[in-house]
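Right, one structure below, let's go through it.
Basis for what follows: all heavy atoms, side chains included, without hydrogens, waters or symmetry-related copies. Computed from a predicted model, the values in this text were never measured in an experiment. Counting starts at 1 for both ligands and their atoms, following the listed order.
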Amino acid sequence: MTKSAIPASEQDRVIIFDTTLRDGEQSPGATMSHNEKLEIASMLDEMGVDVIEAGFPIASEGDFAAVSEIAKNSVNSVICGLSRANYGDIDRAWEAVKHAAQPRIHTFIGTSPLHRDITKLDQEEMAVKIEQTVSHARNLCADVQWSPMDATRTEHDYLCRVVEIAIKAGATTINIPDTVGYTAPRESAELIRMLLERVPGADEIVFATHCHNDLGMATANALAAVEAGARQIESTINGLGERAGNTALEEVVMAMRVRNDIMPYRTGIDTTKIMGISRKVAAVSGFAVQYNKAIVGKNAFAHESGIHQDGVLKNAETFEIMRPEDIGLTETNLVMGKHSGRAALRSKLEDLGYELGDNQLKDVFVRFKELADRKKEIYDEDLIALMSDNTTGAANDHIQVKFLRVICGTEAPQSADLTLVVGEDTHQVTATGDGPVDATFNAIKQVFPHEAKLALYQVHAVTEGTDAQATVSVRMEEDGKIVTGQSSDTDTVVASAKAYVNALNKLIVRREKSAPAAL
Ligand code: KIV
Ligand code: ZN
């Protein structure tokens, strides 16, 4: 196959498109704050992601502001904004991305029979709409991506027809979404092959693959599409995304690297940054990475059984197909403590994949010292929890915990004295409950009444020992909107209060955002 859209020397190069901040953030409970989005975008840019889908600008003022600012701060990555197939959405996306050195508009419409029913458009009417909206986007921006949503369940003849229309109207990338995670690897490859063979002009554009993981095949489907000629993979960090998530960036990138003998493709990703960004996304989204997750799970490089440990000690390749350091996982046995200085902390954090500016280091050092005062030995896991705690130093959070004291014991009810700052006001309350956590949550509710339901409360110890930190996750639901808050502290009740307040702060952000229909 000759792909004239890509120079011959670049035909093995796969464009990595990251949609953690759009499809990932759409996943129920994964709301991120403005600053968190900016930090993640800057990490994605730095790790060599080619295209960052920064958000859905029409969805809310907050989304628009985040996409605009990410566009302004972008260095190497193309910055893309999503829009439905109407002029208002497309104009808004352009307003947000136009500040980028390399802007892209991504516009989509559901083309399968089910989606045509929802939009009440017949094949002809939809074809006209596609021509008009893609042309409109192309008049604004030289880089236009078009997606026939639910492509894998769209009739082949109609899919070929609309892809041809979009190419003629000026689309430079055609993305083929498996919106409901329905396809399988062979079918995913055949679809791309069919489009390349049948659609006039197909060799002038880049085909992208966008897979969801409902049947656990998102990574395999994306790689199969690449083998068939797609040259852009849409993915998210940790596989975050709607329902079962999207193709995980770290999986496709490492698969092409480790099995380059059978998948001879290149990406521009600096794989040593994978672990750092994986931890960051887990922390801000509140979606912990499952222990046995490929590449970035806690156990991905752990060897428990005697035979495995013995083999790895003699020759790491016995049971390791990649080195931990390839993904930025450098484990040192250096335990930190209250006498450790700032330089040691910086170097340790760098080993763990965190690169901090001077101001950030100053802030983390203060929190590190506070922790070291309460806990004699600080392990890697403690530092990761410290770095993942997004409830500290968040000066722009609407609600903040200032003071908490609980009285607990064998005599019920337990009580909590709480000082909470809400906006400009400071409130002091006392509440009782069934145990110290319940009393604390009742106190918070007294100050900040709300109808949100507590959908999940989870505690896990970061390390062993009675002085271990606890990481608490709190998931709340209000009017179908789900948010997850997280915090760590050596005091489980304090961590619980902060996680609860973190969830409420996210809910406040979420209330401003009402996702548009047809997504
Ligand atoms: O899954 C999907 O179809 C999408 C589109 C908006 C590209 O996310
Ligand atoms: Zn999607």
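Contact of the M387 side chain with the R279 side chain is not registered, since no non-hydrogen atoms from C-beta on lie closer than 4.5 Å. When side chains are defined from C-beta on, L38 counts as touching I70, because their heavy atoms get closer than 4.5 Å. Side-chain contact between T172 and R138: present, with at least one pair of heavy atoms (C-beta onward) separated by less than 4.5 Å.
Taking every non-hydrogen atom of P177 and a distance limit under 4.0 Å, the qualifying atoms of ligand 1 come out as 2 (C), 3 (O). Residue contact check: M149 has heavy atoms under 4.0 Å from atoms 3 (O) of ligand 1.
Side-chain atoms of N502 come within 3.5 Å of backbone atoms of Q486 as a donor-acceptor pair (strictly under, hydrogens ignored). Side chain of D150 to main chain of T179: no donor-acceptor pair is present (N/O by atom type, distance under 3.5 Å, no hydrogens or angles). Under the 3.5 Å distance criterion, the side-chain polar atoms of T107 are matched with a main-chain donor or acceptor of R84.
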> When you look at I269 and R257, which way does the side-chain contact (heavy atoms from CB on, under 4.5 Å) test go after all the steps?
Replying inline: CA-CA 10 Å; I269 300 294; R257 181 179 156 141; over 6 Å; no
> How far apart are the C-alpha atoms of E25 and T31, what are their side-chain angles, what is the distance that settles it, and do they pass the side-chain contact (heavy atoms from CB on, under 4.5 Å) test?
Replying inline: CA-CA 6 Å; E25 211 233 358; T31 311; 3.8 Å; yes
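Look at R22 and you'll find a heavy atom under 4.0 Å from some atom of ligand 1.
Not a single N or O atom of N175, backbone or side chain, sits closer than 3.5 Å to an N or O atom of ligand 1. For ligand 1, the polar-atom distance check against H106 finds no nitrogen or oxygen pair separated by under 3.5 Å.
Ring geometry for F448 against H398 counts as perpendicular: the plane angle is over 60°, on a 0 to 90° scale with 30° as the lower cut. In this structure, H136 and Y87 have parallel ring planes: the angle between them is below the 30° cut-off, well short of the 60° mark.
Neither the backbone nor the side chain of E53 has a heavy atom within less than 4.0 Å of ligand 1. Contact annotation for H210 and ligand 1: only side-chain heavy atoms (C-beta onward) come within less than 4.0 Å of the ligand. At a 4.0 Å heavy-atom cut-off, ligand 1 touches D23 through the side chain alone. Here H212 has side-chain heavy atoms under 4.0 Å from ligand 1, and that is the only part of it that gets that close.
Note on the Zn ion (ligand 2): protein N/O/S atoms under 2.8 Å are D23 OD2, H210 NE2, H212 NE2.
Interatomic distance, S42 OG to E69 CD, rounded to the nearest 0.5 Å: 12.0 Å.
Closest heavy-atom approach to atom 3 (O) of ligand 1 within the set N246, L82, T179: this belongs to T179.
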